[in-house]
Amino acid sequence: MRILFLDLDTLRPDHLGCYGYHRDTSPNIDAIARGGVRFDQYYCSDAPCLPSRAALMSGRFGIHTGVMGHGGTAAEMRIEGQPRGFRDRMAREALPYIFRRAGMHTATISPFAERHSAWWFNAGFNEVHDHAGMGGMESAEHVTPTVRQWLRHNAARDDWLLHVNYWDPHTPYRAPADFGNPFADDPLPAWLTPEVLAEHRKMVGPHGAREISMYHNTPWDGYPRYLGEITDMADLRHFIDGYDCGIRYMDAHLGMLFDELDAHGALDDLVIIISADHGENLGELGIYGEHGTADGITCRIPMILRWPGKAAGHVDEGLHYNLDLAPTLAELLGQPAQPAWDGRSYAAALRGDACGREELILSQCAHVCQRAVRFGPWLYLRTYHDGYHLFPREMLFNLADDPHEQHDLAAARPDRCREGAHRLLGWHDAMMATQQDAADPLWTVMREGGPLHARGALPAYCAYLEQSERGWAVPLLKEKHPGEFSP
């Protein structure tokens with residue numbers, strides 16, 4: 001058996017053709033989806049990058065691993081302490097060990113472990129390639145040669161897993177200038193109108209329309225597709241085109257890999273997994289070019305699983321987490337599930353059977369501190385630290401009617417807010433009852449000064465707001481964050 005796992009950073013599913021996008025961003029990904037199972041409601045349990053991949057590789061929620069942030073204590077796997085033996089738990093529970101136990105050779109081509117000092121990410125891989133040493137600033141042209149070289153040496157062999165990271169949809173949008181813009185004549189997503197942009201320009205918060213570069217509007221040198229500010233619809237088109245070009249450029253390189261595999265006779269019986277660590281807000285909640293909330297846009301990710309001999313052209317609509325992948329693959333490979341995994345197998349979907357969870361709990365503690373509950377058509381979002389966006393404590397969206405989260409229904413539907421809060425409390429009680437210690441990493445982040453990407457930024461940001469005619473927000477931010485402002 002041969003397995004290719006394409007781990008495509010910052011890829012939101014609704015910008016892929018196979019998920020219904022009106023632009024032709026992903027012809028090669030779409031072709032794989034037609035031959036496999038596409039999961040429509042698939043989410044990372046913990047966002048963004050580091051917490052998401054910690055959950056993926058461990059099969060556990062961030063509240064259990066301890067990894068829920070991008071810095072401080074909550075960026076580290078929990079120390080096992082006295083129960084730890086000669087080797088730690090990732091030596092038996094990490095996702096790549098499923099394949100090792102099945103007698104397969106495992107390899108990764110990814111800078112992720114070095115990017116986040118997350119050395120546990122390499123647990124279970126026989127080979128680790130950090131091809132360019134660029135810490136996630138790689139473009140596809142840096143990644144593909146290493147992958148093709150590996151395939152030339154190994155594709156025709158049997159029993160291997162190759163995990164590959166591509167980064168092109170991640171900020172700063174980086175498709176080379178000579179790639180051009182294949183979407184120049186395509187319309188923008190219909191929901192992005194002049195009226196919506198005008199409202200977004202009134203809002204405050206990092207990565208807003210007037211401060212794409214987090215807390216200011218200075219463009220990122222060397223990356224012309226990634227603007228510092230969106231002033232009008234032409235800028236908005238330029239920005240959305242930049243993200244979509246990143247996907248299309250990456251997809252073209254995936255096509256090169258598929259051609260290489262085909263040349264070695266290894267494509268037809270190849271298992272292909274295509275997924276991401278998180279999505280990307282492109283206007284939702286007034287945020288552009290960031291994955292900094294626990295909402296449905298940041299946390300919803302693609303999952304396409306082509307397994308020869310199993311269901312093809314099937315769409316699964318059940319609710320699933322990325323941490324469900326480990327028990328799913330274990331079942332498919334006839335390997336034992338690990339008792340500590342929080343995930344549940346969805347292998348039944350590969351037979352075309354309906355499966356899924358009743359609810360999902362989503363967390364984010366790198367840019368804000370939030371937890372959300374996804375149930376039925378609803379997303380209930382609870383904010384503990386707003387990351388200077390002035391989010392209310394509770395928000396509620398009907399994602400079936402409002403997929404871009406424009407209409408907060410919390411005030412109109414207190415019954416659904418109560419239901420969301422009740423579900424969140426029930427999950428939290430169950431998680432804390434099975435904790436190694438009494439600490440919830442969300443509150444660890446709060447005690448250590450708040451989310452890493454918001455920590456210490458408020459004074460300078462308030463000065464910027466005064467200069468950009470939004471001084472009205474400064475007293476509100478000072479009131480919400482009295483301990484974070486020093487004159």
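Throughout, residue positions are numbered sequentially from 1 according to the sequence presented. FYI, side chains are in, hydrogens and waters are out, and symmetry mates aren't considered; it's all heavy atoms of this structure.
Interatomic distance, OG1 of Thr108 versus CG of Asp7, reported as 8.0 Å (0.5 Å rounding). With rounding to the nearest 0.5 angstrom, the CE atom of Met395 is 5.5 Å from the CG atom of Leu285. Taking CD1 from Ile109 and CG from Asn165, the interatomic distance works out to 10.0 Å, rounded to the nearest 0.5 Å. In this structure, the separation between CG on Leu329 and OG on Ser345 is 8.5 Å, given to the nearest 0.5 Å. Taking NE2 from His367 and CG from Asp386, the interatomic distance works out to 14.0 Å, rounded to the nearest 0.5 Å. Of the inter-residue distances, the one linking Leu379 atom CG with Arg416 atom CZ reads 13.5 Å to the nearest 0.5 angstrom.
Under the 4.5 Å side-chain criterion, counting only non-hydrogen atoms from C-beta, Ile287 is in contact with His389. The shortest side-chain heavy-atom distance between Met446 and His385 falls under the 4.5 Å cut-off. Residues Phe99 and Phe125 fail the side-chain proximity criterion, which asks for heavy atoms closer than 4.5 Å. Contact annotation: the side chain of Tyr19 approaches that of Leu16 to within less than 4.5 Å [non-hydrogen atoms, C-beta and beyond]. In this structure, Glu405 and Ile297 have side chains that are in contact, with non-hydrogen atoms separated by less than 4.5 Å. Proximity of Leu95 to Leu56: side-chain heavy atoms (C-beta onward) are separated by under 4.5 Å at one or more points. Side-chain contact between Arg201 and Ile230: absent, with no pair of heavy atoms (C-beta onward) separated by less than 4.5 Å. Counting only heavy atoms from C-beta outward, the side chains of Thr144 and Tyr166 approach each other to under 4.5 Å.
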Criterion side chain to side chain contact (heavy atoms under 4.5 Å, CB included) on Leu4 and Ile273, from CA distance to verdict
CA-CA 6 Å; Leu4 176 64; Ile273 303 167; over 6 Å; no

Take Arg23 and Asp241 through the salt bridge (charged side-chain N to carboxylate O under 4.0 Å, His left out) test and state the conclusion after the steps.
CA-CA 10 Å; Arg23 292 178 164 189; Asp241 289 356; 2.7 Å; yes

Check the pair Phe239, Tyr226 against ring pair (Phe, Tyr, Trp, His ring centres under 6.0 Å), reporting the backbone distance first and the verdict last.
CA-CA 6 Å; Phe239 195 79; Tyr226 190 74; 5.6 Å; yes

Is there a side chain to side chain donor-acceptor pair (under 3.5 Å) between Tyr42 and Ser275 once you walk through the steps?
CA-CA 9 Å; Tyr42 201 86; Ser275 195; 5.4 Å; no

Can Ile361 and Val373 be said to form a side chain to side chain contact (heavy atoms under 4.5 Å, CB included), step by step?
CA-CA 5 Å; Ile361 310 298; Val373 187; 3.8 Å; yes

Apply salt bridge (charged side-chain N to carboxylate O under 4.0 Å, His left out) to Arg53 and Asp277, showing your working.
CA-CA 6 Å; Arg53 289 198 174 96; Asp277 54 344; 3.2 Å; yes

Chi angles and distances behind the side chain to side chain contact (heavy atoms under 4.5 Å, CB included) call for Asp316, Cys355
CA-CA 8 Å; Asp316 179 272; Cys355 60; 4.0 Å; yes

Do Thr298 and His291 pass the side chain to side chain donor-acceptor pair (under 3.5 Å) test, and can you show the C-alpha distance, the side-chain angles, and the key distance before you say yes or no?
CA-CA 5 Å; Thr298 288; His291 26 270; over 6 Å; no

Please walk me through it: do Asp440 and Met432 pass side chain to side chain contact (heavy atoms under 4.5 Å, CB included)?
CA-CA 8 Å; Asp440 178 345; Met432 296 304 289; 4.2 Å; yes

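Few gaps surround NE2 on His264; more than 12 heavy atoms of other groups in view lie less than 6.0 Å from it.
For the residue pair Thr293/Gln364, the side-chain donor-acceptor check at 3.5 Å is not satisfied. Side-chain contact annotation: Asn322 with Ser52, donor-acceptor N/O pair under 3.5 Å present. Under the 3.5 Å distance criterion, with hydrogens and angles disregarded, no donor-acceptor pair is assigned to the side chains of His207 and Tyr288. For the residue pair His129 and Thr146, no side-chain donor N or O sits within less than 3.5 Å of a side-chain acceptor on the partner. Between Arg89 and Gln338, the side chains place no donor N or O within less than 3.5 Å of an acceptor N or O (distance only, hydrogens not considered). Between the side chains of Tyr249 and Glu141, at least one donor N or O sits under 3.5 Å from an acceptor N or O. With no hydrogens or angles considered, no side-chain donor-acceptor pair links Asp251 and Ser26 at under 3.5 Å. Arg344 and Tyr346 are not linked by any side-chain donor-acceptor pair at a separation below 3.5 angstrom, with hydrogens and angles left out of the test. Donor-acceptor pairing under 3.5 Å is recorded for the side chains of Tyr173 and Glu280. Residues Arg371 and Ser363 have side chains that bring a donor and an acceptor to within less than 3.5 angstrom of each other. The closest side-chain donor-acceptor pair between Thr434 and His64 falls under 3.5 angstrom.
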Please output the side-chain donor-acceptor pairs of residues 301-314 that fall under 3.5 Å, not counting sequence neighbours, one pair per line with the distance.
from: Arg306; atom 1: NE; to: Leu270; atom 2: O; distance (Å): 3.4
from: Arg306; atom 1: NH2; to: Leu267; atom 2: O; distance (Å): 2.5
from: Arg306; atom 1: NH2; to: Leu270; atom 2: O; distance (Å): 2.8

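Pro182 and Asp186 get closest at one heavy-atom pair: O-OD2, 4.2 Å. In terms of heavy atoms, Arg225 sits closest to Gly242 at CB-CA, 4.1 Å. Summarising the geometry of His200 relative to Gly283, their closest heavy-atom pair is CE1-O, 3.0 Å, with the distance given to 0.1 Å.
Aromatic ring centroids of Phe61 and Tyr321 lie under 6.0 Å apart. In summary, the aromatic rings of Phe112 and His163 are positioned with their centroids too far apart to meet the 6.0 Å limit. For Tyr43 and His320, the ring centers sit 6.0 Å or farther from each other. A centroid separation of less than 6.0 Å is found between the aromatic rings of His15 and Tyr243. If you look at Trp191 and His404, their ring centroids are closer than 6.0 Å.
Salt bridge status for Asp235 with Arg237: absent, with no side-chain N to carboxylate O gap under 4.0 Å. Ionic pairing of Asp295 and Arg300 is not present here: no N-O contact between side-chain nitrogen and carboxylate oxygen is shorter than 4.0 angstrom. The pair Arg12-Glu284 meets the salt-bridge criterion, since a charged nitrogen lies less than 4.0 angstrom from a carboxylate oxygen. One finds no salt bridge joining Arg2 and Asp159 here, because no Lys/Arg side-chain nitrogen approaches an Asp/Glu carboxylate oxygen to under 4.0 Å. Remark: Asp324 engages Arg357 in a salt bridge, criterion side-chain N to carboxylate O under 4.0 Å. Of the charged side-chain nitrogens involved, none lies within less than 4.0 Å of a carboxylate oxygen, so that Arg174 and Glu138 do not count as a salt-bridged pair.
Aromatic ring orientation, His70 versus His116: tilted (interplanar angle from 30° to 60°).
Between the side chain of Arg413 and the main chain of Leu396, no donor-acceptor pair closer than 3.5 Å is present. Judged by distance alone, the side chain of Asp262 and the main-chain N or O of Phe258 form no donor-acceptor pair under 3.5 Å.
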